[in-house]
Amino acid sequence: MPELPEVEVIRRGLAPRLAGRRIVAITAPSGKQLRQQTPLADLQAWLLGRRFLQLKRRGKYLRFILEGDVNLLVHLGMTGRLLVGRESDFHTLPHVHLKFVLEDGSVLIYQDLRRFGQVLLFRPGEHLWPLDRVGREPFSRNVTPAWLAEQARGRSRPLKNFLLDGHIIAGIGNIYACEILFAAGLHPEVPAGRLSLEDWELVLKETRRLLARAIRRGGTTVLNYLNSFGETGLFQLDLMVYGRGGEPCRRCGTPIQRLVQAGRSTFFCPSCQKSKQP
DNA sequence: CACCCCACCTGCGTGC
DNA sequence: TGCACGCAGGTGGGGT
């Protein structure tokens with residue numbers, strides 16, 4: 001699903017459409033539950049009549065802050081979408097699990113084909129516990145090469161799996177993990193603990209560069225990602241390795257290889273990514 | 001503790 | 001055409 005750039009693009013699109021708007025109705029068109037979801041009756045009890053104040057992002061979570069210290073946490077899982085529009089825009093759309101009608105007649109819908117997402121309500125004063133397990137923000141000053149080296153010290157797990165671990169750095173998913181490793185010229189199977197401080201400087205620099213560029217490009221659409229206006233992203237045009245197994249490397253022409261790490265596909269160029277070997 | 005596998009869901013492309 | 005299989009942007013629980 002959406003990784004950090006896609007979630008951030010959604011946040012930026014949604015925020016001005018929601019700020020100050022009051023929720024006047026909530027329905028559950030599909031009648032199906034997400035992986036984790038506050039019951040509809042509780043959503044209605046706590047959200048109806050309240051205005052959206054702010055929309056924040058933490059890792060891949062979106063945090064909707066409403067009047068009266070009520071919070072709604074939304075995670076899009078693999079296939080979740082948040083779309084804004086007119087009621088009639090979504091009449092025939094399948095897999096719509098929640099619909100919020102706003103006082104100006106616009107609607108916000110949560111659509112999720114695979115239903116791996118989460119929509120959780122937090123009442124005033126309640127702790128937002130899902131955020132406790134979210135790692136550090138890649139753009140935060142508390143993420144430094146030294147901190148990364150410290151986190152990786154003594155670890156045998158492959159660098160790819162380390163980058164993908166949202167409890168350490170938040171927001172990097174399978175696409176950007178592959179792209180970051182290509183940009184840094186590092187082999188995905190190198191044990192994370194074997195990187196030097198200089199390697200971590202490069203990894204962090206490329207992580208920030210790629211995530212920032214992806215946000216500017218409106219995210220990556222490989223299957224069905226859409227921003228809050230139903231538009232695709234453009235970063236897929238910049239992908240160097242992800243989804244390109246067997247195709248020639250865009251830098252050197254060597255066929256891109258695919259391998260499976262921790263149950264997920266990894267794509268890499270065996271020629272460009274060998275400054276460290278497994 | 002560290003690490004990996006698997007389930008959780010639905011749909012789509014591929015190959016027989 | 002039909003069917004079985006593999007695969008898909010994430011995450012956490014449980015096993016080794």
Side-chain angles (χ1 to χ4, degrees), chain A residues 1-11 30-37 57-62 73-82 93-97 110-120 129-135 138 150-181 188-194 210-211 214-215 217-228 231-239 241-246 258-267 278:
Chain A
M1 138 349 341
E3 305 182 29
L4 184 152
E6 291 74 37
V7 177
E8 179 61 22
V9 168
I10 291 167
R11 190 194 69 78
S30 74
K32 292 184 176 179
Q33 289 283 117
L34 304 175
R35 188 166 60 101
Q36 280 193 85
Q37 183 181 339
R57 181 191 58 74
R58 181 77 179 84
K60 297 170 189 164
Y61 279 96
L62 284 169
L73 274 190
V74 174
H75 193 294
L76 301 171
M78 292 275 259
T79 50
R81 289 173 177 169
L82 283 164
L93 198 64
H95 311 298
V96 175
H97 307 302
Y110 180 87
Q111 184 202 27
D112 193 347
L113 187 152
R114 294 173 73 181
R115 286 186 281 129
F116 290 172
Q118 305 171 40
V119 174
L120 295 171
W129 55 268
L131 301 186
D132 291 346
R133 335 187 195 213
V134 179
E150 167 63 24
Q151 294 303 302
R153 197 170 59 184
R155 302 255 192 147
S156 62
R157 70 198 302 199
L159 178 56
K160 160 82 179 326
N161 297 1
F162 180 90
L163 289 180
L164 215 41
D165 187 340
H167 306 110
I168 305 170
I169 317 176
I172 300 174
N174 207 32
I175 296 177
Y176 297 104
C178 292
E179 295 298 316
I180 290 163
L181 290 174
E189 291 179 300
V190 191
R194 201 187 296 168
L210 289 177
L211 295 180
I215 292 169
R217 297 275 261 160
T220 302
T221 300
V222 291
L223 277 179
N224 61 1
Y225 161 75
L226 298 175
N227 69 18
S228 55
E231 303 160 340
T232 64
L234 289 176
F235 193 79
Q236 64 274 15
L237 302 175
D238 293 355
L239 295 179
V241 289
Y242 182 82
R244 302 192 65 247
R258 173 182 177 271
L259 60 91
V260 176
Q261 294 179 280
R264 326 269 326 257
S265 287
T266 299
F267 300 92

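Note that this is a predicted model, so its numbers are computed, not measured. Residue numbers begin at 1 in each chain, while the letters A, B, ... track the order of the sequences.
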*Plane angle bin for A:Phe267 and A:Tyr242 - parallel if under 30°, tilted between 30 and 60°, otherwise perpendicular*: perpendicular
*Just say parallel, tilted or perpendicular for the rings of A:Tyr61 and A:His75, cut-offs at 30° and 60°.*
perpendicular
*Check every strand shown and say whether A:Asp112 touches a base, only sugar-phosphate, or nothing at a heavy-atom separation below 4.0 Å.*
nothing
*Scan A:Pro158 against the nucleic acid and name what it touches under 4.0 Å (heavy atoms): base, sugar-phosphate only, or nothing.*
sugar-phosphate
Nearest to side-chain heavy atoms of [X], which nucleotide of [options]:
X	options	result
A:His95	B:dT10, C:dA8, C:dT11	B:dT10
A:Ser265	C:dG10, B:dT10, C:dA8	C:dA8
A:Met78	C:dG12, B:dT10, C:dA8	C:dA8
A:His75	B:dC4, B:dT10, C:dG10	C:dG10
A:Arg258	C:dT11, B:dC3, C:dC7	C:dC7
A:Arg133	C:dG13, B:dT10, B:dC4	C:dG13

*asked:* Between the base of B:dC9 and the side chain of A:Arg114, is one N or O donor paired with an acceptor at under 3.5 angstrom?
replied: yes
*How many angstroms lie between CG in A:Leu113 and NE2 in A:His95, if you round to the nearest 0.5 Å?*
4.0 Å
*asked:* By a 5.5 angstrom centroid cut-off and a 30 degree plane limit, is there stacking between A:Phe116 and B:dC8?
replied: yes
Calculate the interatomic distance between [X] atom [atom1] and [N] atom [atom2]; express it in whole Å.
X	N	atom1	atom2	answer
A:Leu34	C:dG12	CG	C1'	16 Å
A:Leu163	B:dC3	CG	P	13 Å
A:Arg115	B:dA7	CZ	P	17 Å
A:Glu6	C:dA8	CD	P	16 Å

*What's the shortest heavy-atom distance between A:Cys178 and A:Thr266, and which atoms?*
SG-CA, 3.9 Å
*Any strand is fair game: report the nucleotide pairing with B:dC9 by Watson-Crick or G-U wobble, both distances under 3.5 Å, or none.*
none
